[in-house]
*Asks:* 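Just passing along the structure, written as structure tokens.
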Amino acid sequence: MKHYLQFQDFTADEYEYLLKRATLIKQKFKGYVTHHTLADRTLAMIFEKASTRTRVSFEAGMYQLGGSVVHLTTGDSQLGRAEPIEDSARVISRMTDLVMIRTFGQDKIERFAAHSRVPVINGLTNEFHPCQILADIFTFIEHRGSIQGKTVAWVGDGNNMANTWLQAANLLGFKVHVSTPSGYGIDEKLAFSGRPYNKDCYQLFSDPQEACKDADLVTTDVWTSMGYEEENEKRKKAFADWCVDLDMMAVAKKDALFMHCLPAHRGEEVQAEVIDGPQSVVWDEAENRMHVQKALMEYLLIGKQG
């Protein structure tokens with residue numbers, strides 16, 4: 001049994017399979033071809049953080065695979081309240097086949113997985129967002145081919161997305177240019193969870209314009225992630241020069257793509273002219289969460305398919 005708690009939990013070979021499988025699954029979806037590989041299987045979705053794309057993509061995806069879904073929040077369950085996480089894991093995993101959790105600290109999902117009898121998927125934590133980066137890489141491949149050897153510019157907060165991009169670059173052979181305001185940078189030890197990594201997989205830039213130079217992909221996220229709302233005004237001032245604008249896109253490669261995991265705040269982390277412009281693939285990126293997650297759920301439950 002495998003869990004998917006951070007991007008580096010899988011090997012490059014496993015990602016090669018998942019990305020190819022996601023392509024097939026998406027083709028079937030677009031062609032209205034039934035693909036019920038998870039009939040009679042049940043996914044439990046546990047939300048401690050609010051969600052739009054994560055809930056819709058996992059729920060719709062599981063139904064499209066022929067399975068069913070149980071939706072839980074901390075408001076309608078005992079998770080983390082009167083019942084220890086470990087006990088919730090023991091109970092929920094006896095009644096379902098797969099668990100997706102969207103929560104705050106990575107420690108919570110690690111503790112749940114340690115006591116679960118079924119695979120657990122990280123739908124987002126403060127530290128990592130592996131499903132989103134899996135979708136982003138799939139989207140890049142759809143539009144530009146292999147990401148190996150390419151350059152991704154990360155502009156903004158050294159958050160869960162940045163951490164996961166670093167893991168992906170280390171594993172799949174591309175490079176990340178990271179530019180964050182002072183005090184909001186990445187933590188190497190946290191990003192790689194203390195595991196060995198190739199330091200050439202990323203480079204730090206104090207100037208976001210320099211980070212975007214010759215990039216194949218420019219990407220960003222909101223300045224204030226969930227759980228940090230009290231820092232919002234402080235962050236707006238600190239991040240003022242880290243808005244992805246047309247000037248940044250102009251120094252990237254001519255065919256560079258723009259991505260954002262959404263929701264987006266136009267005029268803050270990205271100009272409207274960029275996210276709504278011709279280089280933006282954010283809507284494909286959002287849809288692709290569902291397709292890669294279908295491949296992921298299928299792989300965790302029934303392994304590689306022919």
*Asks:* Nearest heavy-atom pair of Ala211 and Ala153: which atoms, and what distance?
*Replies:* O-CB, 3.5 Å
*Asks:* Using ring pair (Phe, Tyr, Trp, His ring centres under 6.0 Å) as the criterion, list what pairs up with Tyr63, not counting sequence neighbours.
*Replies:* none
*Asks:* Minimum heavy-atom separation for Ala286 to Arg53, with atom names?
*Replies:* CB-CD, 4.3 Å
*Asks:* Taking only residues two or more places apart in sequence or in another chain, which ones pass salt bridge (charged side-chain N to carboxylate O under 4.0 Å, His left out) with Lys213?
*Replies:* none
*Asks:* Scan for salt bridge (Lys or Arg N to Asp or Glu O under 4.0 Å) pairs involving residues 151-177, sequence neighbours excluded, and state none if there are none.
*Replies:* Asp157-Arg235
*Asks:* How would you list all residue pairs meeting side-chain hydrogen bond (donor to acceptor under 3.5 Å, both in side chains) that involve residues 254-267, not counting sequence neighbours?
*Replies:* His260-Glu269, Arg266-Asp276
*Asks:* So which heavy atom on Gln106 is nearest to which on Asn122, and how close?
*Replies:* OE1-ND2, 3.4 Å
*Asks:* Are the aromatic rings of Phe47 and His71 close, with centres under 6.0 Å apart?
*Replies:* yes
*Asks:* What I'd like to find out is whether the side chain of Val251 reaches to under 4.5 Å of the side chain of Gln209, using heavy atoms alone.
*Replies:* yes
*Asks:* Please find the pair of heavy atoms, one from Phe58 and one from Leu43, that lie closest to each other, and give the distance.
*Replies:* O-CD2, 4.0 Å
*Asks:* When the aromatic ring centroids of Tyr202 and His177 are compared, is their separation below 6.0 Å?
*Replies:* no
*Asks:* Kindly give the heavy-atom pair with the smallest separation between His3 and Val120, and that separation in Å.
*Replies:* ND1-N, 2.9 Å
*Asks:* Kindly state each residue pair satisfying side-chain hydrogen bond (donor to acceptor under 3.5 Å, both in side chains) with at least one member in residues 297-306, sequence neighbours excluded.
*Replies:* Glu14-Tyr299, Arg21-Glu298, His35-Glu298, Thr37-Glu298
*Asks:* Can you name the residues that form a side-chain contact (heavy atoms from CB on, under 4.5 Å) with Lys199, not counting sequence neighbours?
*Replies:* Glu188, Tyr197
*Asks:* Below 4.0 angstrom, N of the basic side chain to O of the carboxylate: do Asp216 and Lys253 qualify?
*Replies:* yes
